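Below: the structure, in structure tokens.
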Amino acid sequence: MLDQSSRLLQGLNPEQQRAVLTTEGPVLVVAGPGSGKTRVLTHRIAYLIQEKGVPPYQILAVTFTNKAAREMKERIDRLVHGEGTDGLVMGTFHSFGVRVLRQNPGLVADKLQLQPNFLIYDTGDQLESVKRAIIALNQDPKQVTPRRMLSRISAAKSVLMTPEEMLGETQTYDDEIAARVYKEYEKQLRGNNAVDFDDLLGLPIRLFDQAPELLERYQEQFRYIMVDEYQDTNRVQYVLISALADYYRNLFVVGDPDQSIYGWRQADIKNILDFEKDYPDLTQIHLEINYRSTQRIVQAADRLIRDNTQRIDRRIRTENAEGEPIALRELADQNHEAQFIVSEIRRLISTGRFQAEEIAIMYRTTAQSRVIEEAFRVTNIPYRIVGGLRFYERKEVRDVLAVLRLLHNPADQLSLERIIDNLPIGRGFGPKALEAAVTWATLHQRPTIDAFLAMVPRAIPSDLDDIEPPTFSNQGRAGAERIGKVLAGLREKQQTSTLAELFDAIVHDTGYRQTFNEGTEEDLQRWANVSELRSDLERYDQVDPEVALAQYLEQVSLIADVDSMEDDRGQVTLITLHSAKGLEYPVVFIAGVEENLLPIRRAIDEEPFDKTPMEEERRLFYVGVTRAEKLLYLTYAASRMSYGQYSQGAPSRFLQSIPAETVKAVTRQSSRTSANGRLSGVQKGRLAQSVSTTYTAAPSPSWAEAAKASEPAVKVELPDYQAGMRVFHAKFGEGTITEALPRRDDIEIAVSFKLHGDKRLMASLAKLDIIE
DNA sequence: GAATGCATGGTTTTT
DNA sequence: CCATGCATTC
């Protein structure tokens, strides 16, 4: 029954072929790491186009990053050679959401009250807006922190919950504050003609609700829909995609529950289970053969992940060579760790065995990259850092962007205030004067920018002519006139110049350029960053001036770090474990495989109440391990500087899962003296001498010791929990028990919480009250 | 209204 | 340790 003749099936195993050929109906592919899922996706799309004659515009493929989309498109182009992939819709959920909103400006204005020039607020803008919302509600941003509120708002949005619905479900005072902040935040966003990341998914759904004929149009267009990294989709994404697929039902999703690492962003593995429920007629395909890594790496990864309890029992295997043992290395502190990694890399490169671009260093927190970078700096090995302080989040870049954004969307008060606060033209124009401007704007129902524009003579008549300009104090008026004049000038320039010329005018007329004249190293770097913006903008000179700015700003909002990762030859990659998802390297170093780092401290703290975060940490480590093709190094430090203080570290509990026969461990035996197997305190300054190492064949017994220490010590009398009972948890609120498993001295309980989803808890620690 | 100095607390991870 | 935010001072 299989069409074996197709060139597109060559080199694929039977299961992969089945995934390519099952073009009709719902398909769920569970694909282990390195099992060739990208291959399947690209071949499948090529097959649809070439063999089945499907026009590319009828295909929608959603990927996790724009980079993945770009690469996949290139591969498909090569596969269909010349046939053309024009019209193929490929990108992230967010870019698809924007696309829908941008393609229907009339409906968006009519149904969502959003003007076509709306901006996409990034995390920084969001935090600022949330902070303002908190202040507007007379709350103290120090107690009600913007960060926490934003994450609650985002969580609500990712299950399509409106502020009103949230207000209706409040259980605590804090819930109520959160709901009210959410409402005020939304008001601000709409007032500034702006949307946030979550809106890019939620608003299209609301639009489809209010304009069903629009949804029908998309449903008819997208005859084949594919979703990659399905395990990391959240509720809104699922709703969006299943709405689109509802007509043809040709929905093909690929994912690996074991690689779900975005739970904190509301990604929900339940989407996989729901998929089976919503499409009972689905075809399920399992890809379990790993083509990427050596046997030792695959074996270690398999054992590692099997210690998670919240998972479907699966196994990954490989027919690859056994390979070299995984190198496990204990170092005295983070500097030694970095030194070791860098000198090991130097060795790998100088022996000619590997090229720099075949090597990656991965870590849990971005902060870890700094020490490693320092170690690289004194070598001549080229490196690049993915993530960390993002380019577009640098203050000097945002300052200039604020002007561009304001010019594009005059309603954006946030950018206007940013300009006044940070650029020289705003000097002398303080809170008092701003208040006068805002009051005037509110009174006349105009954007605040008009308060400034009203202060300067106009060449062409405008509706501002009929309005009395705002009144300021003497100093305020001087400031307002200055600001108004510059902004009016830039607006004119915007009509007649290229973006690069507009950039020049901005940095000159606002006086921003002059602020970099100190000549310090730092100033030079900051100005270099600003200048990089200019070369960015130059690339838009060919674009239709009408839309160039809009396109540019959108690109800035949706770009991710990995997206701008160029395939530069000859550089070692430094990357977070999260960003490394989907990538692969011949040589991988994972640094900081320690308690409190991997797993992160927070997951350890939460573990007694909720094992979910800990299991996600383990998956994250699993993702890292499975990025490696040939060589894998795991390092940890006996002592690590954090918050300006050295503290003792312990090897990660996850290392206990890794079978001894796959590992060659190098421990600092000389520093392990205490009886309980913990690392002895190593004094600062004497570290260098203590690195004398001993080779041992097996992991140190200290790990087993450490594990024992985490057993609960106190015996507690427990209520008789049964499935079906309604319970209350201090943090998660109300829920229903779905499962109660007797454990030694305890009961493991699965609860489906109304607001926080499914959790597995230990009864002795969770303090669940039964609701009668 | 701006510059300086002190206190505070924060690091998970990102479209 | 660092960055940020606030208070004090001019």
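Fair warning: this is a prediction, and the values are worked out from it, not measured in the lab. Throughout, protein chains are lettered first and strands after them, A, B, ... in sequence-line order, and every chain is numbered starting at 1.
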query = Under the 5.5 Å and 30° test, is A:Y262 stacked on the base of B:dT13?
reply = no

message = Counting only side-chain heavy atoms from C-beta out, which of C:dC6, B:dA2, B:dT14 sits nearest to A:K142?
response = C:dC6

request  = Quick one: label A:R601 by what it contacts on the DNA or RNA (base, sugar-phosphate, nothing), any heavy atom closer than 4.0 Å.
outcome  = nothing

ask   = Which nucleotide, B:dT14, B:dG1, B:dT11, lies nearest any side-chain atom of A:Q475?
value = B:dG1

inquiry  = Nearest to the A:R602 side chain among B:dT14, B:dT12, B:dT15, which nucleotide is it?
reply    = B:dT12

inquiry  = Taking A:R311 first and then A:E615, would you say they form a salt bridge - that is, a charged N and a carboxylate O separated by under 4.0 Å?
reply    = no

Out of B:dT11, C:dC6, B:dT14, whichever nucleotide has its closest atom nearest the side chain of A:A367 = B:dT11

Interatomic distance where CD belongs to A:Q143 and P belongs to C:dC6 [whole Å] = 14 Å

request  = Let me know, please, whether A:Q126 or A:F429 comes out on the 5' side of the other along DNA chain B by nearest nucleotide.
outcome  = A:F429

Aro-ring/base stack A:F197-B:dT15, d under 5.5 Å, angle under 30° = yes

ask   = How would you list, by chain and number, every residue that makes a side chain to side chain contact (heavy atoms under 4.5 Å, CB included) with A:Q339, sequence neighbours excluded?
value = A:A375

ask   = Taking atom P of B:dT14 as reference, at what distance in whole Å does atom CG of A:L127 sit?
value = 15 Å

ask   = Taking the side chain of A:T123 as its heavy atoms from C-beta onward, which of B:dG1, B:dT15, B:dT13 lies nearest to it?
value = B:dT15

message = Taking the minimum atom-to-atom distance to the side chain of A:T365, which one of B:dT14, B:dT13, B:dG10 wins?
response = B:dT13

ask   = Which class fits the ring pair A:Y262 and A:W264: parallel under 30°, tilted 30 to 60°, perpendicular over 60°?
value = tilted

ask   = Choosing from B:dT14, B:dG10, B:dG1, which nucleotide comes nearest the side chain of A:Y643?
value = B:dG10

task = Using a cut-off of strictly less than 4.0 Å, decide whether A:T576 has a side-chain nitrogen or oxygen near OP1 or OP2 of B:dT12.
result = no

message = Measuring only the P atom in each nucleotide, how far is C:dT4 from B:dT13? A whole number of Å is fine.
response = 15 Å

Nearest-nucleotide pick for A:H94, side chain only, options being B:dT14, B:dT12, B:dT15 = B:dT15

query = With a distance cut-off below 6.0 Å to the six-membered ring centre and an angular limit of 45° from the axis, does A:R102 pair with A:F118 as a cation-pi contact?
reply = yes

task = Ignoring hydrogens and angles, state whether a donor on the side chain of A:D258 or A:Y622 is under 3.5 Å from an acceptor on the partner side chain.
result = no

key: Side-chain N or O of A:T366 closer than 4.0 Å to phosphate OP1/OP2 of B:dT13   = yes

query = Once you round it to whole Å, what is the distance between P of B:dG1 and CZ of A:F472?
reply = 12 Å

message = Tell me whether the side-chain N/O atoms of A:S642 come closer than 4.0 Å to OP1 or OP2 in B:dT11.
response = no

